[in-house]
Amino acid sequence: MTQPLHAIIAGAGIGGLTAALALARGGFRVSVLERAAILDDVGAGIQLSANATHILRDLGVLERLMRVALTPDNLHVRRARDGAELMRMPFGALAETRWGAPHLVVHRADLQRVLVEQVARTANVAIETNTEVLGFTALSNGIQVGATQAGRQIRFDGDLLIGADGLRSNVRERLGLGLSDQPVYSGRSAWRALLPAHEAPAFALMLSTNLWLGRNAHLVHYPVQRGETVNVVAIVEDRWRGDPDNDFWRAQGDAGFVRERFAGWHADARALVGAVKEWRRWPLFDRNMVERWSLERVVLLGDAAHPVLPFLAQGAALAIEDAAELAAAASANSNNIAGTIRSYQERRIRRAADVLYASRRQGSIYHLSGPLAFARDMVMRRLSVDAAMARMDWLYGYRPGG
Ligand SMILES: Cc1cc2nc3c(=O)[nH]c(=O)nc-3n(C[C@H](O)[C@H](O)[C@H](O)COP(=O)(O)OP(=O)(O)OC[C@H]3O[C@@H](n4cnc5c(N)ncnc54)[C@H](O)[C@@H]3O)c2cc1C
């Protein structure tokens with residue numbers, strides 16, 4: 001009997017864990033190496049659109065995810081100045097019918113936990129925490145991965161290394177893709193907060209994804225964790241000169257700065273921003289698309305390959321798509337590694353570039369002011385429900401391998 005191929009994945013984030021499940025289903029043995037000692041509650045709320053949730057359904061995790069996620073009724077867009085409604089797009093049953101899977105909001109840690117639990121139920125997958133990938137050496141018939149585990153040097157031998165190690169990917173660094181594509185501060189920061197429901201204004205508890213558009217800033221909020229918490233993200237244009245290797249989620253932001261920044265906004269928005277006591281400032285980085293994400297038996301996935309600005313809420317969704325696409329390419333290429341990487345990369349670079357450029361455009365549109373904002377608002381107000389949804393078909397209707 002032939003041995004299954006061994007895939008080594010650097011990083012147990014959303015991308016790495018989904019890749020582990022998808023590859024194991026395709027017959028691989030998988031080792032996931034994670035730098036963190038424990039997979040704790042890091043992060044905040046994320047939206048998961050149908051392009052991601054239908055993959056999670058295929059992998060058998062959607063049902064469990066639905067127990068900890070919420071399905072917002074709609075996307076509700078309001079104008080910052082006076083709170084006027086600009087658009088309402090359904091995210092409930094109508095969206096599920098159109099895009100074939102539900103649109104969810106969930107705490108990132110809950111999604112990660114559901115994935116870890118599914119990994120634990122899956123044969124041939126092991127997660128090694130406290131294990132940091134340092135580098136790799138290509139062999140004639142495989143790949144050797146060097147890591148430290150609890151301070152000890154250790155080696156893993158495999159057939160394929162997947163760098164799913166996030167924005168500051170070490171695997172990417174070792175691939176030597178060049179210096180011109182380093183992450184660049186985008187001139188915007190996301191101030192993120194998880195506000196206990198009992199401290200939030202009543203309007204913020206409604207089951208919708210809310211987007212407020214203002215001059216040089218926008219505000220997003222939706223309930224998560226069975227409605228016990230409101231996830232708030234305030235995106236502002238600013239200057240930032242911090243340490244890019246900082247652990248942002250643990251660095252506190254200045255509540256006074258955010259309150260001041262939203263001072264001229266409608267009373268609802270001010271009430272929400274004013275209720276937050278603890279913000280986390282998350283500088284947003286942009287990175288240009290490169291022409292390749294691989295070298296021989298090493299390939300990148302998720303933020304390691306293509307971080308995207310969060311204005312279309314697609315970073316985790318893209319990582320999930322990558323994982324499914326990699327497994328589909330392996331199956332289509334009878335697990336031939338070179339063929340798998342070639343077809344994965346070809347499809348994914350195109351798709352990720354589309355999302356990257358659309359996210360950048362979306363950010364500029366959100367922050368318009370003056371006559372341009374007036375024109376944007378007019379267009380939004382006149383869009384029919386069907387036209388608004390049709391604009392998202394390319395994004396939410398995407399199917400890997402399709
Ligand atoms: C403000 C904001 C809002 C967002 N909202 C959304 C949203 O609504 N929807 C959405 O889809 N996306 C959203 N995103 C993006 C999303 O969070 C990321 O794109 C996604 O989590 C990336 O997943 P990943 O698995 O590629 O990387 P990560 O989640 O960064 O995981 C990388 C993992 O690798 C580990 N690691 C790092 N280096 C090593 C090493 N050398 N060895 C071993 N392990 C290592 C890390 O500890 C980590 O566990 C948002 C992002 C921001 C900033």
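Remember, predicted model here, so these are calculated numbers, not experimental data. Reckoned from all heavy atoms, side chains included, excluding hydrogens, waters and symmetry mates. Just so you know, ligand 1 is whichever comes first in the structure, and atom 1 is the first atom listed for that ligand.
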TODO: Locate the shortest heavy-atom distance separating A327 from L23; write the atom from each residue and the value.
DONE: CA-CD2, 4.0 Å

Does ligand 1 have any N/O pairs with the protein under 3.5 Å, and how far apart?
from, atom 1, to, atom 2, distance (Å)
ligand 1, 8 (O), Q47, N, 2.8
ligand 1, 9 (N), Q47, O, 2.9
ligand 1, 9 (N), A313, O, 3.1
ligand 1, 11 (O), A313, O, 3.4
ligand 1, 11 (O), A316, N, 2.9
ligand 1, 11 (O), A317, N, 3.0
ligand 1, 12 (N), G315, N, 3.3
ligand 1, 12 (N), A316, N, 3.0
ligand 1, 19 (O), D303, OD1, 2.8
ligand 1, 19 (O), D303, OD2, 3.3
ligand 1, 19 (O), A316, N, 3.4
ligand 1, 25 (O), I14, N, 3.3
ligand 1, 25 (O), G15, N, 2.9
ligand 1, 26 (O), D303, N, 2.8
ligand 1, 29 (O), R108, NH2, 3.0
ligand 1, 41 (N), V133, O, 3.1
ligand 1, 42 (N), V133, N, 2.9
ligand 1, 44 (N), R35, N, 3.1
ligand 1, 47 (O), E34, OE2, 2.6
ligand 1, 49 (O), E34, OE1, 2.7
ligand 1, 49 (O), E34, OE2, 3.3

- [ ] Determine, for W282 and R192, whether the Lys NZ or Arg CZ falls below 6.0 Å from the six-membered ring centre while staying within 45 degrees of the axis.
- [x] yes

TODO: Check the surroundings of atom CZ in R376: do more than 12 heavy atoms from other residues, nucleotides or ligands lie under 6.0 Å from it?
DONE: yes

- [ ] Anything under 30° is parallel, anything over 60° is perpendicular, the rest tilted; go ahead and classify H218 against F311.
- [x] perpendicular

Open item on the list: Can you confirm whether R121 is buried at CZ, in the sense that more than 12 heavy atoms of other residues, nucleotides or ligands lie under 6.0 Å from that atom?
Closed with: yes

Task: Partners meeting salt bridge (charged side-chain N to carboxylate O under 4.0 Å, His left out) with R391 (sequence neighbours left out) - done: none

